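One structure is given here, and the rest of the page talks about it.
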Amino acid sequence: MAAARLLKDEATEEKGDRARMASFIGAMAIADLVKTTLGPKGMDKILQSTGRGRNVTVTNDGATILKSLHIDNPAAKVLVDISKVQDDEVGDGTTSVVVLAGELLREAEKLVNQKIHPMTIIAGYRMAAECARNALLLKAKDNKQDPDKFKSDLMKIAMTTLSSKILSQDKEHFAKLAVDAVLRLKGSTNLESIQIIKKAGGSLKDSFLDEGFVLDKKIGIGQPKRIENAKILVANTAMDTDKVKIYGARVRVDSMAKVAEIEGAEKEKMKQKVQKIIAHGINCFVNRQLIYNFPEELFADAGILAIEHADFDGIERLALVTGGEIASTFDNPESVKLGHCKLIEEIMIGEDKLIHFSGVEMGQACTVVLRGASSHVLDEAERSLHDALCVLSQTVNDSRVLLGGGWPEMVMAKEVDELARKTPGKKSHAIEAFSRSLQAIPTIIADNAGLDSAELISQLRAEHHKDTTSAGINIISGGVGDMDKLGVSESFKVKQAVLLSATEAAEMILRVDEIITCAPRKREDRM
Amino acid sequence: MALAFDEYGRPFIIIKEQEQKARLRGLEAQKANISAGKAVARILRTSLGPKGMDKMLQSPDGDVIVTNDGATILEQMDVDNQIAKLMVELSRSQDYEIGDGTTGVVVLAGALLEQAEKLLERGIHPIRIAEGYEMASRLAVNHLEHISQKFEFSVTNIEPLVQTCMTTLSSKIVNRCKCVLAEIAVKAVLAVADLERKDVNLELIKVEGKVGGKLEDTELIYGIVVDKDMSHPQMPKRIEEAKIAILTCPFEPPKPKTKHKIDIDTVEKFQTLRQQEQKYFDDMVQKCKDVGATLVICQWGFDDEANHLLMHRNLPAVRWVGGVELELIAIATGGRIVPRFQDLTSEKLGKAGLVREKSFGTTKDRMLYIEHCANSRAVTIFIRGGNKMMIDETKRSLHDALCVARNLIRNNSIVYGGGSAELSCSIAVEAAADKYPGVEQYAIRSFAEALDFIPMALAENCGLPPIDTVTAVKSQQIKENNPYGGIDCNDVGTNNMKEQNVFETLIGKQQQILLATQVVKMILKIDDVITPSVY
């Protein structure tokens, strides 16, 4: 019959309970996948790409893991998406958000099996999420007024974030590094001005924060290697042959002599350009594009340090750091703002030579040089540091702070539990389920650390039924500890984002009662 | 098969390659068509109403869409069946015309088809059924007019509009903050509405989304948001009292359309050419500066040199701005789009109170806000949300809400929702049926029954016993003679939709009934389906 073939041939359609089951299973599979990376004792994953070279990535970062997976299940894609957004928006908590959404769905599945309608579950989850958020709002502390305390808060947050990453061995070192870097930004969330340079060799401990700016480039031959009180012109201009930009222009000559003449004119033009640049009274010239031998020679003659082919970010940062502008025309030397710095020199890190600008005018930017045993370690270290920087820069703007170690989850769970008891109707089951899902996070953290989670969580819960408490899991000693004293803190903004987007995603998946997969677009075989 | 024989008994071939074609005819064709139509309606049935479920659709490229919007579901489903395609068209035309009620129209058409099937089995001719439906739909539309109410609102009293938008939004995933969104939608529509002509150009409302943040952060901006940043990283990020030059010409030397060549054969020519070139750039920037522009928005890119010159002359610029956005900016700022530098005059500049760049999240995402424009006729709704699917769905929901608000401005009659209008029509049509003699009476009565399907589906989706609820409400409507009784989807405790403030637009409802009837008529009239068989 015609009705049997409503959709195209390869399209599939799943309805009702089957659809719901498919999405639950998909979502939970994803959550279980990243679950083991949660917490300070979480494990890493090796990812091998299918592309050329079979690159290997070792990581603990939820967003990175999920980004590299090729997933077919639509519900799983929703989870991958929230983790990506979490990464873009606050930078950390990418694993937690997926795990929480997964747990919410796991609980929802049980409720659905008890014949509770998904809409009822959603209504319950919404109430619970609102209540949990209010609980967090009440308990969050704000130390913005007190700079010392605020700084120590930042330190604690950085340490907590880093403790679950590869950098945990040297977390104090890196936490300090990250806090210093972020405080230099003075409230801006633009992490671009923090440059991270990775150089293999040495150990992670050798990583350092440089107050100036390090450019991963070589100095031209025969040019000074060290300049004091440098005046820098940052440019984005062609320094090979200047093309004629008028459309349709071409050179037509009738003799060899003319060719030479034109070539001479071209050279002359370049020379003039260089001279104009020199007329700015500079002693360092950084260009985004290539500098050919000829102009380079001219610069060397004038005793100017010329650096070619700095990438775009490098140029922008350099302009930001030295306070100069990025120039492309050179006719008005008097009005071009030049960049300044005390000292430019070539430095060696490991095997490589880098150019180091120190004593720069604007203190906003800085460079972090990461050292480590292998490129995998460095990559992972960069990701970890990036997470920490993101969290810190967000915290600088929203300075509310929570304790860590499962404390916020327990606080929320307690409030949500209380709400469940007060709510009549089927919704209360869903609210209870929400609180169970929240408690699952400390449970997983404990499990990952090889601790007796059932024992710990029940102790923790008992502890939280007192009026004020700061009890959380002490992973190191394996018991319940005072998070305030241990100095484990988390940013309010991250936790809130985790809570809200996990609930949103769970809600979205729960509402679905039909999955229609279209026939995959035929790909031409290029193999 | 379509075979005919001539006088000697030799067959004519009427349809080309007819042995390769599948053919259905007569009652069989009608039944096949009806069942296809019903299958489509069945998919959408569970999405109806405030407790309706969503569908998850995976596109051929693997993208995931989660939606509740009938038109979107059908569009993405990529159906193969001809009749199913008609249903898709149906919901699309409802979407274009009204913007809302795209699910309802398909469900209604499905119900009509189902009733028609029963009548066909009794041996009633399809054309008679179609005629009966036609009469019934006219009755229903008239009745809707009769029970509709005028709805007074003004720019200061937007509450009624917000209420109606909330009804639309309550069936979507965004119903968590439907109040906020409804208010945004209404304010946006009122900002661009021409209340005298009773017309709204929805193109003036730009809906922009960015992942991150939460749904509650969604805001209405009286101005334009462009997903672009300043062309030079060191240009000012904030311009007050901006005078904007809106250009569609690139900052490049002119390119005549006719083919031409400039031959360089001497050094002098080479040099003059160079100077000329520099002069071009200088002139272009100077022109912008001369007319007093403080911001240049350009549809095309510009050269590094031009970029620096602009920066140098303290003239911030934005490049690669899309055509539609350019138009919106022109409308909002009251500027003119200038195609050539020569035409640039100070009158043609747009004015905006504040232009600022705003960055989001931890990645390099920047957007340009153009606010406090001279002419606030163009607005932007800026959506935030936890993930991409959420934003997309919010966009669709907001579109529905905007359409509803627009329809109300065009025609401020409303009917009550929650299935009450359908029930009331059903009662009226049923009562009228008895006055028609002949076979049509049956068709009209069936139409009335089909109308009951919508409240029935609503009740079912809300987990209420459908037959009990619908019959109770119906008898109540007849007894009390009020057309406001509907399905109490949200467990408020009353089924008086007037008290619950559940409204729908009159034209939306009328259009639903008319369109559904039309399509059903069309499907009923088909008695022969010829398809090329599968190869």
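Atoms considered below: every heavy atom in the structure, side chains included; atoms not considered: hydrogens, waters and symmetry mates. As the structure is a prediction and not an experimental result, all values here were calculated from the model.
Of the two parts of A:A123, neither the backbone nor the side chain holds a non-hydrogen atom closer than 4.5 Å to a non-hydrogen atom of chain B. Interface remark: B:N461 contributes backbone atoms only to the contact with chain A (heavy atom separation under 4.5 Å). Residue A:L500 touches chain B through its side chain alone, counting heavy-atom pairs closer than 4.5 Å. Only the side chain of A:Q496 comes within contact range of chain B, judged by heavy atoms closer than 4.5 Å. Interface residue A:K15: only side-chain heavy atoms are found under 4.5 Å from chain B. For B:Q82, no part lies under 4.5 angstrom from a heavy atom of chain A. Within the 4.5 angstrom heavy-atom criterion, only side-chain atoms of A:M119, from C-beta onward, approach chain B.
To the nearest 0.5 angstrom, B:I43 atom CD1 is 4.5 Å from A:I516 atom CD1. Between B:K210 atom NZ and A:D88 atom CG the span is 9.5 Å, to the nearest 0.5 Å.
Looking only at side-chain heavy atoms (C-beta outward), B:M56 and A:E514 stay at 4.5 Å or farther from each other. Within the 4.5 Å cutoff, no side-chain heavy atoms of A:I82 are placed close to those of B:M390. Counting heavy atoms from C-beta outward, B:D54 and A:D513 have side chains that stay 4.5 Å or more apart.
The choice from A:E130, A:R126, A:E268, A:K77 that makes the most heavy-atom pairs within less than 4.5 Å of chain B is A:R126. Taking B:K388, B:K38, B:K55, B:K85 one by one and counting their heavy-atom pairs under 4.5 Å with chain A, the maximum is reached by B:K55.
With a 6.0 Å radius and a threshold of 12 heavy atoms from other residues, nucleotides or ligands, B:K358 has its NZ atom above the threshold.
Heavy atoms only, all atoms of each residue included: B:K172 and A:R511 are closest at C-NH2, 3.5 Å. A:L510 approaches B:M53 most closely through the heavy-atom pair O-CE, 3.6 Å. Summarising the geometry of A:C518 relative to B:Q76, their closest heavy-atom pair is SG-O, 3.0 Å, with the distance given to 0.1 Å.
Checking side-chain atoms of B:Q58 against main-chain N and O of A:D72 turns up a donor-acceptor pair under 3.5 Å.
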